[in-house]
Amino acid sequence: MTAVPKTGASPLDPDDLIDWFTANARPLPWRAPGTTGWGVLVSETMLQQTPVKRVQPVWEEWMRRWPKPSDLAAATQGEVLRAWGKLGYPRRAVRLHETATVIATEHGDVVPSDVETLLSLPGVGEYTARAVAVFAYGKRAPVVDTNVRRVVARAVHGAGDAGPPSTKRDLADVAALLPEEDARAATMSAALMELGQVICTARSPLCQQCPVLADCAWNRAGRPAYAGPPKKVQKFAGTDRQVRGKLLDVLRNSPGPVTREQLDAVWSDAGQRDRCLDSLLVDGLVEQTDDGRFALPGEH
DNA sequence: CACGCGTGGCT
DNA sequence: TAGCCAAGCGT
């Protein structure tokens, strides 16, 4: 082991990150020893755009209720959507249900471990496929989420924040940082994400507590402000997304099918209401009953 | 590649 | 207080 001097444009030292993570990782339930590939896949899917705090209790209930992919596959879509609750983006629940069926029927009820196969599953994209391969199976692969992109933008490139995503470049950036050995690479991937979540945060980074401060290009540059193209801010109030959420909430809060009148009550703009209800039907999040009422899929 | 897709907490 | 932000995916 040769000591690498922390001067100039040195890359991040895997040991600094691994040691820090080993001592400071939050004890999240899906990180517990013995968590299956299925447990990791469910957690990663729930964590897509939803904070840890809200995911944790729902994940624990899901693991108790559906410990294997075949268990979830046997549930109705309505049951799955109810159990998804208010995590948001409920199409994720529908896709996870589909994926459970594929795993149960085509992969022996075991979550695949290679990125290519994982990528073929509904709702599993570049991030989730690698997260499962790395965190569940200890493989060496770049895992790039918004946190890692921010850490790399700062520590490696000296920028205030990540610019627009570029999958190929982002993956290459992170791959170049990983140590050779699988297990150490996997731990470093987890450490990069954790660092972005708890230290190298978007708004008020805690640089004093950062394990790689000495190697950070952004710190060396005097922590300049983000200079890239302005980030798009997503509107919510008044959008179809809000209306769809309200419609689905009526269904979740009812034990069975509801009338058109009950749905009409949640939004005054009839045109937008109808468009949203139609899109929910198209997405398979709502079904119409024979008598013209509306229900969660499989619940009539 | 830009956009649509939920929800709630934080500053 | 009204953005801003949060372990993305599919089209």
Side-chain angles (χ1 to χ4, degrees), chain A residues 21 25-26 28-31 35 39-59 81 84-96 98-99 118-136 142-151 161-171 174 186 189-198 200-205 226 229-252 266-267 272 275-276 279-280 282-286:
Chain A
F21 182 76
R26 294 165 297 169
L28 303 175
W30 43 87
R31 286 176 177 168
T35 302
V40 173
L41 175 59
V42 171
S43 75
E44 294 300 342
T45 303
M46 290 179 171
L47 287 163
Q48 292 166 7
Q49 302 284 279
T50 302
V52 167
K53 186 72 183 302
R54 266 193 290 158
V55 165
Q56 187 161 333
V58 180
W59 182 86
L81 286 169
W84 190 259
K86 306 198 81 171
L87 290 183
Y89 294 139
R91 292 188 297 186
R92 289 182 294 167
V94 172
R95 292 182 183 133
L96 187 52
E98 292 168 8
T99 275
L118 285 160
L119 281 171
S120 73
L121 300 169
V124 177
E126 299 286 359
Y127 164 76
T128 304
R130 290 180 175 77
V132 169
V134 171
F135 302 142
V143 181
V144 180
D145 74 333
T146 185
N147 295 298
V148 173
R149 282 175 16 80
R150 182 173 56 250
V151 169
D161 199 351
S166 164
T167 302
K168 204 176 168 183
R169 179 171 49 71
D170 294 341
L171 286 172
V174 176
S189 291
L192 285 168
M193 288 182 58
E194 185 84 348
L195 187 73
Q197 286 154 23
V198 307
C200 195
T201 58
R203 289 200 222 177
S204 305
Y226 173 67
K231 316 258 183 186
K232 311 278 185 189
V233 180
Q234 241 190 152
K235 295 279 184 270
F236 179 66
T239 63
D240 286 4
R241 230 161 57 254
Q242 181 182 24
V243 178
R244 284 166 55 105
K246 284 178 176 292
L247 292 172
L248 212 51
D249 203 40
V250 172
L251 273 299
R252 276 193 307 259
V266 304
W267 198 254
Q272 186 177 21
R275 179 175 72 242
C276 290
S279 74
L280 288 171
V282 168
D283 287 348
L285 291 164
V286 175

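Small disclaimer: the values here were computed from a predicted structure and weren't measured.
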J.: Could you pick out which residue, Gly245(A) or Arg203(A), lies toward the 5' side of DNA chain B when each is mapped onto its nearest nucleotide?
T.: Gly245(A)

J.: Would you kindly compare Pro51(A) and Ala129(A) by the position of their nearest DNA chain C nucleotide and give the one closer to the 5′ end?
T.: Pro51(A)

J.: Would you tell me if any nitrogen or oxygen in the side chain of Arg26(A) comes within less than 4.0 Å of OP1 or OP2 on dA7(C)?
T.: no

J.: Side chain of Tyr127(A) only, heavy atoms from C-beta on: which candidate in dC4(C), dC9(C), dC5(B) is closest?
T.: dC9(C)

J.: How many whole angstroms separate atom CZ of Arg130(A) from atom C1' of dC9(C)?
T.: 14 Å

J.: Using a 4.0 Å heavy-atom cut-off across all strands, classify Arg149(A) as base, sugar-phosphate, or nothing.
T.: nothing

J.: Check every strand shown and say whether Asp283(A) touches a base, only sugar-phosphate, or nothing at a heavy-atom separation below 4.0 Å.
T.: nothing

J.: Would you indicate what Gly125(A) reaches in the nucleic acid, counting non-hydrogen atoms under 4.0 angstrom: base, sugar-phosphate, or nothing?
T.: sugar-phosphate

J.: Rounded to whole angstroms, how far apart are NZ on Lys235(A) and P on dC5(B)?
T.: 15 Å

J.: To the nearest angstrom, how far is Tyr89(A) atom OH from dG8(B) atom P?
T.: 13 Å

J.: Check whether any side-chain N or O of Arg92(A) sits under 4.0 Å from OP1 or OP2 of dG8(C), and answer yes or no.
T.: no

J.: What's Pro164(A) touching, base or sugar-phosphate or nothing? Going by heavy atoms closer than 4.0 Å.
T.: nothing

J.: Could you grab the distance from atom CG of Leu96(A) to atom CD of Glu44(A), nearest 0.5 Å is fine?
T.: 12.0 Å

J.: Please pick, from dA7(C), dC5(B), dC3(B), the nucleotide with the shortest atom-to-atom distance to any side-chain atom of Lys232(A).
T.: dC3(B)

J.: Can you tell me how far P of dA7(C) sits from CD of Gln56(A), to the nearest Å?
T.: 15 Å

J.: So what does Pro90(A) touch, heavy atoms closer than 4.0 Å: a base, only the sugar-phosphate, or nothing?
T.: sugar-phosphate

J.: To the nearest 0.5 angstrom, please state how far the CE atom of Met46(A) sits from the CG atom of Leu87(A).
T.: 5.5 Å

J.: Measure the distance from CG on Leu87(A) to C1' on dG8(C) and round it to the nearest whole Å.
T.: 14 Å

J.: For the pair made of CG in Leu121(A) and P in dC9(C), what is the distance, rounded to whole Å?
T.: 12 Å

J.: Hey, does Leu28(A) reach any base, or is it just sugar-phosphate, or nothing, if we go heavy atoms under 4.0 Å?
T.: base

J.: Considering every strand and a 4.0 Å limit on heavy-atom distances, what is the contact class for Val52(A): base, sugar-phosphate, or nothing?
T.: base

J.: Report yes if a side-chain nitrogen or oxygen of Arg91(A) is closer than 4.0 Å to either non-bridging phosphate oxygen (OP1 or OP2) of dT11(C); otherwise report no.
T.: no

J.: If I take atom CD in residue Gln48(A) and atom P in nucleotide dC5(B), what distance separates them, rounded to the nearest angstrom?
T.: 17 Å

J.: Look at all strands and tell whether Ala202(A) reaches a base, only sugar-phosphate, or nothing, counting heavy atoms closer than 4.0 Å.
T.: sugar-phosphate

J.: Side chains of Thr128(A) and Gln48(A): closer than 4.5 Å at any heavy-atom pair?
T.: yes

J.: What's the closest nucleotide to the Arg252(A) side chain, out of dT7(B), dG6(B), dG3(C)?
T.: dT7(B)

J.: Please state the P separation for the pair dA7(C) and dC5(B) - nearest whole angstrom.
T.: 22 Å

J.: Taking the nucleotide of DNA chain B with the nearest heavy atom to each, does Ser166(A) or Arg54(A) sit closer to the 5' end?
T.: Ser166(A)

J.: At under 4.0 Å between heavy atoms, what does Thr239(A) touch on the DNA or RNA strands: base, sugar-phosphate, or nothing?
T.: nothing

J.: Taking the P atom in each of dT11(C) and dG6(B), what is the distance between them to the nearest angstrom?
T.: 14 Å

J.: With heavy atoms under 4.0 Å as the rule, sort Trp59(A) into base, sugar-phosphate or nothing.
T.: nothing

J.: What about Thr50(A): does its side chain form a donor-acceptor pair under 3.5 Å with the base of dG6(B)?
T.: yes

J.: For DNA chain B, what is the dot-bracket line, given that a base pair needs Watson-Crick (N1 to N3, plus N6-O4 or O6-N4) or G-U wobble (N1-O2 and O6-N3) geometry with both distances under 3.5 Å, and | means paired with another strand?
T.: .||||.|||||

J.: Are Arg149(A) and Asp170(A) close enough for a salt bridge, meaning some N to O gap below 4.0 Å?
T.: yes

J.: Can a donor-acceptor pair under 3.5 Å be found between the side-chain atoms of Gln234(A) and the base atoms of dC3(B)?
T.: no

J.: Check whether any side-chain heavy atom of Leu47(A) sits under 4.5 Å from a side-chain heavy atom of Trp30(A), and report yes or no.
T.: yes

J.: Decide yes or no on side-chain contact (heavy atoms from CB on, under 4.5 Å) for Leu81(A) and Arg252(A), but give the supporting numbers first.
T.: CA-CA 8 Å; Leu81(A) 286 169; Arg252(A) 276 193 307 259; 5.6 Å; no

J.: Measure the spacing between CZ of Phe236(A) and CD of Gln242(A) and express it to the nearest 0.5 Å.
T.: 5.0 Å

J.: Name the nucleic acid region contacted by Thr128(A), choosing base, sugar-phosphate or nothing; use a 4.0 angstrom heavy-atom cut-off, strictly under.
T.: sugar-phosphate

J.: Between dC5(C) atom C1' and Lys53(A) atom NZ, what is the distance in whole Å?
T.: 16 Å

J.: Confirm from the modelled atom types if Gln197(A) and dA7(C) form a donor-acceptor pair under 3.5 Å, side chain to base only.
T.: yes

J.: When you get a sec, tell me which of dC5(B), dG8(C), dA7(C) is the closest nucleotide to the side chain of Arg241(A)?
T.: dC5(B)

J.: Taking atom CG of Asp240(A) and atom CH2 of Trp267(A), what is their separation to the nearest 0.5 Å?
T.: 9.0 Å

J.: Donor-acceptor check, side chain of Arg31(A) to backbone of Phe135(A), threshold 3.5 angstrom: yes or no?
T.: no

J.: Do Asn147(A) and Leu195(A) have side chains that approach each other closer than 4.5 Å (heavy atoms only, starting at C-beta)?
T.: no

